[in-house]
Enquirer: 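The structure that follows is given in the form of structure tokens.
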Amino acid sequence: MRRVRAPGRVNLIGEHIDYNGLPVLPFALNREIVLEYRPRADRRVILHNTDSGFPPVEFTLSGDLAAAAAGSWGNYPRAAAQILWRETGPLMGLEGEVSSTLPIAAGLSSSSALVVATALALLDASGREVPREQLMSLLARGERYVGLQGGGMDQAISLAGRQGHALRIDFRPELRLTPVPVPPDWRIIVASSLVEAAKSAGAKESYNTRVGQTRTALEQVATRGLGIAPPTDYADLLNRVPAEEALARAESVLDEVLYRRFRHVVTEAGRVDAAVEAMHASDLPGFGRLLHQSHVSLRNDYEVSCAELDQLVAIAESAGAVGARLTGAGFGGCTLAACSTTAVDGVMEALAREFYAPRGVSDLGDVLFTATPSDGAGIA
Ligand code: GLA
């Protein structure tokens, strides 16, 4: 038996901007998908799941795989297999078992971890190597097989995570990963809203709508507002025009909703730069303010929050976190809260008492925990 592991992630800041070519700042969690497998001499993939809620998955490898029903977990291994076959050549099959210490559909990127784990196992079973950075972009494109027009953050951090560090991931002009140490006395609390953030199901349409809206806004600002040729993405725009000018023009040409979407993207990119500086300076209060601003922007301008996420943020901040926000795509999933070592216990207790106890949730292991920046995926 061989074994591959791929972690989930928490994104510190830079939300809903990776698909617009702008940088993000996630770290890999010490919670992961594990795939134990045996290579096969044919082209069959057979996967069992230790969670009986997920029925076995079987398919024959090819470059043109018919998808299983929408929302089926088997579409993630298929996504990995199809893109690898198309872009690196025919693959050999495998038989294995998937298990997870990552909460599923919780906005911690279990889906991309599964894509990454399957990809590494298939490459290993086929005796093939693909450079890690190439694999990151390839799998980001590959995962769109499930119908979500996602960016490249989740696959990249699962492959490249580094113990004790967050990674600033730039996507333009090409993929660039810059480790940023997480100050050892900072604590990052992850808290689940208990609302499923199933990106392959309900949240997909809302997510894709945001992708479309930001692209429309970009094009209108460029052509009608600034009179320039349409930029390839927001990174290109912000290289050519200062953020303030872009925002001022946007306000005069966009309708109210598109303007708010545009404002979130542009201001969030500025917060990523500022957050990296705050981490280098060990400025925890400054970092917390940025988290708070990010949440307000995601809630009001991008409209991807929900009452439960807002409540978690409010509880954490009033119990002594320097700042909190939703992390991941939103529409449910998790929040993160940053705090000092002295505040962490009080914040955890407040979340347990005010959010989980009234909902009858007493087993908190998977819903409330402090996150440790960890290493990325590998064959173990
Ligand atoms: C999902 C996507 C990512 C990213 C986040 C929001 O996790 O897979 O690419 O867009 O949402 O920041």
Side-chain angles (χ1 to χ4, degrees), residues 6-29 33 75-76 79-80 83 102-116 136-161 166-172 175 190 192-193 196-215 233-235 261 264-269 271-272 275 291 294-295 297-299 301-306 309 325-336:
R9 59 100 187 94
V10 60
N11 185 22
L12 291 177
I13 199 158
E15 216 64 86
H16 280 282
I17 63 173
D18 59 348
Y19 51 78
N20 285 312
L22 292 168
V24 295
L25 188 65
F27 67 71
L29 292 169
I33 298 278
N75 283 333
Y76 293 102
I83 194 84
L102 249 181
I104 306 297
L108 301 176
S109 206
S110 56
S111 49
S112 299
L114 178 56
V115 168
V116 167
M136 291 170 197
S137 334
L138 187 146
L139 294 179
R141 274 181 285 124
E143 197 175 319
R144 295 192 192 127
Y145 177 86
V146 303
L148 186 96
Q149 296 302 313
M153 165 168 70
D154 303 342
Q155 302 79 8
I157 190 64
S158 184
L159 280 159
L167 285 189
R168 177 185 166 122
I169 306 176
D170 285 274
F171 299 93
R172 300 285 181 267
L175 189 66
V190 173
S192 165
S193 65
E196 274 215 359
K199 283 187 299 179
S200 60
K204 184 162 74 182
E205 212 173 303
S206 311
Y207 183 103
N208 289 343
T209 302
R210 300 299 183 285
V211 175
Q213 287 171 328
T214 52
R215 292 200 178 135
D233 55 27
Y234 282 74
R261 304 293 188 256
H264 168 72
V265 174
V266 170
T267 59
E268 185 77 353
R271 286 186 286 271
V272 173
L291 296 187
S294 172
H295 186 75
S297 180
L298 287 159
R299 184 188 66 206
D301 279 358
Y302 221 62
E303 296 180 278
V304 293
S305 190
C306 63
L309 290 166
R325 61 177 209 87
L326 72 87
T327 183
F331 315 108
C334 289
T335 58
L336 68 88

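When a ligand or atom number is given, it counts from 1 through the structure's own listing order.
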Enquirer: Residues two or more places apart in sequence or in another chain: which of them pass salt bridge (charged side-chain N to carboxylate O under 4.0 Å, His left out) with R172?
Expert: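 So R172 forms a salt bridge (charged side-chain N to carboxylate O under 4.0 Å, His left out) with D233.
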Enquirer: Angle between ring planes, H16 versus Y207, binned at 30° and 60°: parallel, tilted or perpendicular?
Expert: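 Geometry flag for Y207 against H16: tilted rings.
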Enquirer: Is S158 reaching over with its side chain to a backbone N or O of G8, donor-acceptor style, under 3.5 angstrom?
Expert: no
Enquirer: Numbering the atoms of ligand 1 from 1, which are under 4.0 Å from a heavy atom of E15?
Expert: 6 (C), 12 (O)
Enquirer: Is there a salt bridge (Lys or Arg N to Asp or Glu O under 4.0 Å) between E303 and R261? Walk through the geometry before answering.
Expert: CA-CA 9 Å; E303 296 180 278; R261 304 293 188 256; 3.0 Å; yes
Enquirer: Which ligand 1 atoms, with their elements, are less than 4.0 angstrom from a heavy-atom of M153?
Expert: 4 (C), 5 (C), 12 (O)
Enquirer: Between R9 and ligand 1, which part of the residue brings a heavy atom under 4.0 Å of the ligand: side chain, backbone, both or neither?
Expert: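 The part of R9 near ligand 1 is the side chain, not the backbone.
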Enquirer: Show which atoms of ligand 1 fall inside a sub-4.0 Å distance from at least one heavy-atom site of G151.
Expert: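 What qualifies from ligand 1 is 9 (O).
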Enquirer: Tell me, which pairs form a salt bridge (charged side-chain N to carboxylate O under 4.0 Å, His left out) where one or both residues lie in residues 10-23, sequence neighbours left out?
Expert: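 The answer is E15-R325.
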Enquirer: Which of the atoms of ligand 1 are close to Y19, meaning less than 4.0 Å from one of its heavy atoms?
Expert: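 Those of ligand 1 that fall under 4.0 Å from Y19 are 10 (O).
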